[in-house]
Amino acid sequence: MAYAPSKLPDDAAEMQRFFSSELQKIATAIAGLSVGHLDKTTVAPAKPRDGDIRYADGSLWNPGSGVGVYYYKGASSTWVFLG
């Protein structure tokens, strides 16, 4: 559900369709977040911050207890398994 912007079109006539499409993609990403959806993460965040929450895939990225949801505890620089 992550949002990644598309390349801006060169043709001015395509701009309206481009922006309409981009707004729809943003709305879809926000809707996923609003219901609590987390995409599986396969790589540890480069600069995690205290309170970050991630859904680890458990194989390419395993913070300690396999697949599941983890909370980053900045004070101890550890990922805490939530389930």
Supply the atom-to-atom distance T28 OG1 to L23 CG, rounded to the nearest 0.5 angstrom.
10.5 Å

Where the side chain of D52 meets the backbone of R49, is there a donor-acceptor pair that is under 3.5 Å apart?
yes

Side chain proximity check, E22 to Y3, heavy atoms < 4.5 angstrom
yes

Side-chain contact test, heavy atoms from C-beta onward, threshold under 4.5 Å: evaluate it for Y72 versus P63 and give yes or no.
no

Within the structure provided, determine whether W79 and S65 are in side-chain contact (heavy-atom separation under 4.5 Å).
no

W61 side chain near K40 side chain, heavy-atom distance below 4.5 Å
no

Co-members of the apolar cluster containing L8 [side chain, <4.5 Å]:
M15, F18, F19

Minimum heavy-atom distance T78-S76, with the two atoms named:
OG1-OG, 2.8 Å

Check: A31 main-chain N/O paired with S34 side-chain donor or acceptor under 3.5 Å
yes

Going by side-chain heavy atoms closer than 4.5 Å, which hydrophobic residues are tied to Y71, directly or by a chain of links?
L38, I53, Y55, V67, V69, V80, L82

Note, P5 side chain near K25 side chain (heavy atom, < 4.5 Å):
no

